[in-house]
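Structure first, then comments.
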Amino acid sequence: MTPAHAGTGRLADEVSEAIAGGAEALLRSRRDDGVFDYGADSLRSTLATAGAVTALHFADPGGTADLIAAGAARLRRTQTEDGGWAMVPGLPAEPGPTAVSAAALHLVDPAGSAEQVAAGRRWMERYGGLAAIPHPEVVLWCRQFYGFVGWIAPADMRRFPLELALLPGLYRRLFDLRLPMASALGLAQTRHRPLTRVQRTLSRLAEPNALRVIRQTYEHEGSAGSWSEDAWVTGLVCTGLARAGVGQDMVDAAVGWLRRSMHPDGSWATTPLDAAWTMYAVRGLVEAGYGDDERLVASRDALLGLQQHRPFLAFGCPPGFWGWTAGRGWPAVLETGEIVSVLSRLPGTVQDSAVAEGVGWLTDRQDSRGSWGLCVRNTRVANSGPCPTTTAQALDALLDAGVPADDRRVRRALRWLGRAQLPGGGFESVWYREHTMGTAAVLETFARCGRGGDGPAVRARALLERTRNPDGSWGDGHGAPGTVEETGWAVAALLAAGAAPAEVEPAVRWLLAARLPDGGWPAEPVHEYVRRVSRYANPGFTHGMALRALGRYRKALT
């Protein structure tokens with residue numbers, strides 16, 4: 001054996017060892033019901049806490065004074081040294097959480113939190129104010145909170161045009177995921193914001209439709225008092241309803257849910273990610289050779305149980321979808337696509353009908369232009385509209401389910417992806433940081449369709465190759481340090497596109513060196529809660545992507 005072959009053999013052994021250790025580390029997070037669970041600690045959010053205390057202040061300030069005090073204390077404790085707040089405590093401050101938290105504290109505890117509020121406002125001034133936030137939706141929400149406390153005049157708060165609810169199809173396309181929140185805050189504005197006579201008349205006519213959207217979502221989730229099981233979303237809806245003086249039964253239920261869901265430290269959490277954790281974990285294990293592991297049977301069954309077989313009326317979605325949370329969650333193309341791919345790759349036939357239903361749902365949700373967004377067809381809403389990465393993941397699901405590469409759905413999507421490519425060769429992503437992961441996703445899809453030699457794929461591959469960090473890893477494609485998530489996806493995509501093992505060996509060695517003592521990998525906040533403004537980590541994705549990359553590398557060596 002030559003020294004080169006010996007070195008490759010030692011690396012292959014180390015890769016196999018890392019796969020075994022990483023798989024066991026990942027499987028330790030699996031519950032008995034098959035869900036991979038990273039616990040409430042990873043979900044406790046500054047926005048959720050600020051949204052909850054604001055809602056309680058408007059809905060029942062006397063009866064929930066203890067909750068409000070606990071939440072305010074939590075916000076004070078988690079303020080960063082420079083005066084801001086992060087989405088997840090412990091990370092650098094971000095403008096959205098800072099603006100909302102400062103306003104919430106001023107609303108619920110102006111005297112006791114005056115110092116923290118002043119520090120937060122100074123942080124925002126140094127940042128450049130609300131106008132400097134690179135996301136119009138976040139500016140909109142922040143301006144609502146500034147209006148609540150009188151930092152801007154009610155007339156200067158951007159209006160939610162409630163009269164659009166008179167045209168349900170257009171209303172869905174314009175607001176998409178934000179429909180329940182926008183409807184509730186729009187209802188409140190009819191009472192608290194100056195309107196013209198025409199606006200007031202039309203808004204009054206539209207109120208039943210707007211309230212119906214909120215109630216349809218509420219009832220879809222079992223009338224339990226939350227919207228998307230997320231304290232931030234629930235807080236916005238509850239705040240709007242309470243200020244409007246409508247939907248009192250939903251307000252009361254929301255207050256009860258917020259009381260039940262507060263953590264002992266005074267925090268609230270965003271949506272539990274049962275489906276999102278599990279789908280990425282199982283996908284990584286399958287690609288690393290664990291598809292026949294009996295421990296994944298429960299996970300397969302858990303995913304089957306999370307599929308929804310009734311329509312989501314508020315968004316005009318038919319049945320057959322998955323969301324990011326439990327079995328009553330909101331519909332999402334990303335989760336539906338990933339889970340269809342996972343189920344298609346698992347052995348057996350028990351999942352065949354679920355896969356077929358998921359493919360039908362994805363087909364129904366494809367935009368007229370060939371792309372996919374979050375769940376509402378043909379919307380252009382930021383964070384919900386046509387997304388290259390989501391489109392690639394939906395296409396991968398169709399391919400995994402047996403749809404041929406020359407199918408019209410596939411061809412239309414590939415044409416749209418070609419038009420969506422950025423000048424430098426990259427692809428955008430709504431739900432993942434910047435361009436590495438989006439570019440990797442689209443490159444792999446083109447390669448799987450036999451189009452790896454097409455211009456968009458060639459340019460995407462070239463971008464990945466030139467944005468690799470000197471240590472072999474990938475970050476955001478703009479000079480950031482490498483992460484396991486971005487490095488893993490880039491390695492997996494390049495191998496799928498025909499790269500030789502030697503071409504990705506430096507990145508593989510980087511992944512091996514990044515392992516933790518328990519065999520797993522560190523999770524970084526590369527997932528977009530709100531694009532470019534608030535990010536979070538998903539350990540199931542981290543471990544799953546590392547295993548996917550290493551599994552493909554090991555296979556390429558044989």
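Every heavy atom of this structure was used, including side-chain atoms; hydrogens, water molecules and symmetry mates were not. These numbers were taken from a predicted model, which means no experiment stands behind them.
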Spatial distance of atom NE2 (H57) from atom CZ (R243) [nearest 0.5 Å]: 9.0 Å

Atom of A206, atom of E163 and distance for their closest heavy-atom approach: CB-CA, 3.8 Å

Derivation of the side-chain contact (heavy atoms from CB on, under 4.5 Å) call for L273 and M279: CA-CA 10 Å; L273 300 175; M279 68 188 189; over 6 Å; no

OG-CG distance between S228 and L177, expressed to the nearest 0.5 angstrom: 7.0 Å

Minimum-distance pair of heavy atoms, taken over all atoms of G83 and T98: O-CG2, 4.4 Å

Whether F312 and F315 hold their rings parallel, tilted or perpendicular, with breakpoints at 30° and 60°: tilted

Separation of L258 CG from C238 SG (nearest 0.5 Å): 6.5 Å

Aromatic ring proximity W330/Y218, centre distance under 6.0 Å: no

Donor-acceptor contact below 3.5 Å, side chain N209 vs main chain A165: yes

Pairwise distance CE(M437) to CH2(W431) - rounded to 0.5 angstrom: 13.5 Å

Residue pair I339 / A275: nearest heavy atoms and the distance that separates them: CD1-CB, 4.2 Å

Heavy-atom side-chain proximity of W257 to S226 below 4.5 angstrom: yes

Carboxylate-amine/guanidinium contact D156 R143, below 4.0 Å: no

Expected output: side-chain Q307 to main-chain A354 donor-acceptor under 3.5 Å: yes

R178 side chain near V381 side chain, heavy-atom distance below 4.5 Å: yes

Exceeds 12 heavy-atom contacts within 6.0 angstrom, atom CZ of R158: no

Closest approach of V53 to V108 (non-hydrogen atoms, all atoms of both residues): O-CG1, 3.8 Å

Test item: F160 and R193 side chains (from C-beta on) under 4.5 Å apart, heavy atoms: no

W372 backbone acceptor or donor facing T391 side chain under 3.5 Å: yes

Derivation and outcome, side-chain contact (heavy atoms from CB on, under 4.5 Å), residues W322 and Q308: CA-CA 6 Å; W322 282 268; Q308 299 195 45; over 6 Å; no

Sole candidate of D265, T49, T46 that passes side chain to side chain donor-acceptor pair (under 3.5 Å) when paired with R74: D265

Short side-chain to backbone donor-acceptor contact, S113 and V117, under 3.5 Å: no

Side-chain H-bond candidate by donor/acceptor type, R159 with Q189, under 3.5 Å: no

Test log, rule side-chain contact (heavy atoms from CB on, under 4.5 Å), inputs T363 and R409: CA-CA 8 Å; T363 299; R409 292 164 288 183; 2.8 Å; yes

Test item: T278 side-chain N/O and F36 main-chain N/O as donor-acceptor pair under 3.5 Å: yes

Pairing residues for D230 by the side-chain hydrogen bond (donor to acceptor under 3.5 Å, both in side chains) criterion, not counting sequence neighbours: T271, Y529

Positive for ring pair (Phe, Tyr, Trp, His ring centres under 6.0 Å) with F541, one of W277, Y38, W324, Y432: Y432

P386 side chain reached by D367 side chain, heavy atoms, under 4.5 Å: yes

Stepwise ring-ring contact (aromatic ring centres under 6.0 Å, His included) test for W123 and Y127: CA-CA 6 Å; W123 190 98; Y127 179 79; 5.5 Å; yes

Heavy-atom pair with the smallest gap, counting every atom of A242 and A59: CB-CA, 3.9 Å

Spacing of CZ belonging to F145 relative to OG1 belonging to T54, to within rounding of 0.5 Å: 4.0 Å

Nearest atoms (heavy-atom pairs only) where G475 meets T436: O-OG1, 2.7 Å

Parallel, tilted or perpendicular: ring planes of F321 versus W361, cut at 30 and 60 degrees: tilted

Whether H527 and Y280 hold their rings parallel, tilted or perpendicular, with breakpoints at 30° and 60°: tilted

Matching residue for R433 among E485, E528, E486 - test: side chain to side chain donor-acceptor pair (under 3.5 Å): E486

4.5 Å side-chain heavy-atom contact, T190 and R204: no

Side chains of T270 and L47 in contact at under 4.5 Å (non-hydrogen atoms): no

Backbone N/O of R380 and side chain of S384: donor-acceptor pair under 3.5 Å: no

Euclidean distance, L241 CG relative to M250 CE, rounded to 0.5 Å: 5.0 Å

Test: R191 and E207 ion pair at under 4.0 Å: yes

Residues forming a side-chain hydrogen bond (donor to acceptor under 3.5 Å, both in side chains) with R419, sequence neighbours excluded: none

Full working for side chain to side chain donor-acceptor pair (under 3.5 Å) between S368 and N378: CA-CA 7 Å; S368 59; N378 295 324; 3.0 Å; yes

T64 and D60: side chain donor to acceptor below 3.5 Å: no

P318 vs P311 side-chain heavy atoms within contact, under 4.5 Å: no

Distance flag, aromatic centroids of Y146 and W151, threshold under 6.0 Å: yes

Short N-O contact, D364 and R377, less than 4.0 angstrom: no

R122/D82 salt bridge by N-O under 4.0 Å criterion: no

salt_bridge(R259, D66) N-O dist < 4.0 Å: yes

Side-chain donor or acceptor of D109 paired with backbone N/O of G112 under 3.5 Å: yes

Geometric class of the F148/F58 ring pair [parallel <30°, tilted 30-60°, perpendicular >60°]: perpendicular

Flag if over 12 foreign heavy atoms under 6.0 Å of CZ, R197: no

Side chain T542, main chain N538, donor-acceptor under 3.5 Å: yes

Whether D476 side chain and H478 backbone form a donor-acceptor pair below 3.5 Å: yes

Atom CD of E219: over 12 foreign heavy atoms under 6.0 Å: yes

Heavy-atom side-chain contact between T379 and F175 under 4.5 Å: no

V88 and S45: CA distance, side-chain angles, deciding distance, side-chain contact (heavy atoms from CB on, under 4.5 Å) verdict: CA-CA 5 Å; V88 179; S45 141; 5.8 Å; no

Side chain S267, main chain H263, donor-acceptor under 3.5 Å: no

